[in-house]
Amino acid sequence: MAGSDKNAEPNSGIMDIATYVPGKSGVPDGVRLFKLSANETPLGPSPLAKQAFADLANHLEDYPDGSASSLKQALAKAHGINVDNILCGNGSDELLSLLAQCYLRPGDEAIYTEHGFLVYRIGILAAGATPVVAPETNCTADVDAILERVTGNTKLIFLANPNNPTGTYLPMSEVRRLHEGLPENVLLILDAAYAEYVRKNDYEAGMELVSGSNNVIMTRTFSKIYGLAALRVGWMYAPHHVVDAIDRVRGPFNVNAAALAAAEAAIGDRSTVDNAIIHNDEWLTWTTQEIEKLGLKVTPSVGNFILIHFDGANDKTAAGADSYLTSKGYVLRLVGGYGLPNAIRMTIGTQEACEGVVSSLAEFLNS
Ligand SMILES: *Cc1c(COP(=O)(O)O)cnc(C)c1O
């Protein structure tokens, strides 16, 4: 096509975005695939959610309930919070982008941490604002480093707790200290996508902090422990002024009817979630220990995934491990895009998958 100098130009910031690369899922022909690249649960969703999804096939001509009222009621009841402070999204990713879109403009700054979830950076740049990266300590968010970077232009702080891809978390006392150090007009966004998996007494997803303040938002998802990633549904708990702003900008039917029905049904099935927690506790611990026995460093994780580090000695690199594991059917996630070129992230899968990765890694290191 001619005349490229006359092409329409996207807004400033957009061409600085590195396109998000999702976890891959291809393995050689004939090799059984274990997808351990996107932190999905190996156990799948609740049978009740599957049934609700199947039932929806009889109503595909109807628009969804644009206000997601039934799902919001169920969430309000399950968490003991006010329905007016809940907003549902097409995955929590959509809510994170909408927050950036609503609160950031060119000249504004938004902070996220060194190995923080990449969706934050994309949202900040798409809004024409300036991403500010706070260094981490031992792959863990550092409250002082974040507070030191707050300026008069700061509008948003994105904190994944626990963080993906590191699996590390901040205790609630640290999150509170961060909040106390922020001016009232700065919104603190707590992305608690993996909250259900965390087994630590000093961890909280942040619900109380949202209730007790005017500038904290918690986002959650049905994509991880609930096993509904394909349907795209997440939600946020936020002060009413934030819900009101996002409500004006979101698509009128941003969450589809299948997602609404399946998510609501999933909330009603506690045992599927409990089983996923039990499975994760057992195999997170086992896999971490076994990989450490191979001489590799594993960042202690409270989520449903682990970060495995390679020192590159004898050509044993993360990229080498990735291709070897892929050839055996185990698809993990390289995390160079997160500033971790010598690491690979593994989702805790089935027992068979975890055992298979450990023995394949042993083969790789001995090859
Ligand atoms: C997976 C993930 C999400 C969830 O995204 P959805 O859009 O709800 O599927 C959000 N934040 C983090 C840190 C994640 O890893």
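Reckoned from all heavy atoms, side chains included, excluding hydrogens, waters and symmetry mates.
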Between T154 and V132, does the side chain to side chain contact (heavy atoms under 4.5 Å, CB included) criterion hold? Intermediate values first, please.
CA-CA 9 Å; T154 308; V132 174; over 6 Å; no

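- Here the rule is side-chain contact (heavy atoms from CB on, under 4.5 Å) with L36, and of V331, I306, I344, V357 only V357 fits it.
- In this structure, D62 places its CG atom where more than 12 heavy-atom neighbours from other residues, nucleotides or ligands lie under 6.0 Å away.
- Listed by chain and number, the residues in a side chain to side chain donor-acceptor pair (under 3.5 Å) with S67 are D65 (sequence neighbours excluded).
- Residues passing the side chain to side chain donor-acceptor pair (under 3.5 Å) test with N11, sequence neighbours excluded: none.
- A side-chain donor-acceptor contact under 3.5 Å links N280 to the backbone of G303.
- N90 places a side-chain N or O within 3.5 Å of a backbone atom of N254 that can act as its donor or acceptor partner.
- A cation-pi arrangement is absent between K200 and Y169, since the terminal nitrogen or guanidinium carbon is not both under 6.0 Å from the aromatic centre and inside a 45° cone about the axis.
- No side-chain donor from either of D274 and T272 sits under 3.5 Å from a side-chain acceptor of the other.
- Remark: L296 CG to T288 OG1 distance equals 12.0 Å, nearest 0.5 Å.
- Ring orientation note: the planes of Y330 and F34 are close to parallel, at an angle under 30° on the 30°/60° scale.
- Judged by distance alone, the side chain of N304 and the main-chain N or O of N39 form a donor-acceptor pair under 3.5 Å.
- Interatomic distance, CG of L99 versus OH of Y120, reported as 11.0 Å (0.5 Å rounding).
- With H115 contributing its side chain and Y338 its backbone, the two residues share a donor-acceptor pair below 3.5 Å.
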Could you give me the CA-CA distance, side-chain angles and deciding distance for M236 and E94, then say whether side chain to side chain contact (heavy atoms under 4.5 Å, CB included) is met?
CA-CA 11 Å; M236 68 178 195; E94 185 196 29; over 6 Å; no

If you look only at distance, which donor and acceptor atoms sit under 3.5 Å apart when one is on a side chain in residues 214-227 and the other is two or more places apart or in another chain?
residue: N215; atom: OD1; partner: H179; partner atom: NE2; Å: 2.8
residue: N215; atom: ND2; partner: V186; partner atom: O; Å: 3.0
residue: R220; atom: NH2; partner: E196; partner atom: OE2; Å: 3.3
residue: T221; atom: OG1; partner: S223; partner atom: N; Å: 2.9
residue: T221; atom: OG1; partner: S223; partner atom: OG; Å: 3.0
residue: S223; atom: OG; partner: R232; partner atom: NH1; Å: 3.3
residue: K224; atom: NZ; partner: Y194; partner atom: OH; Å: 3.1

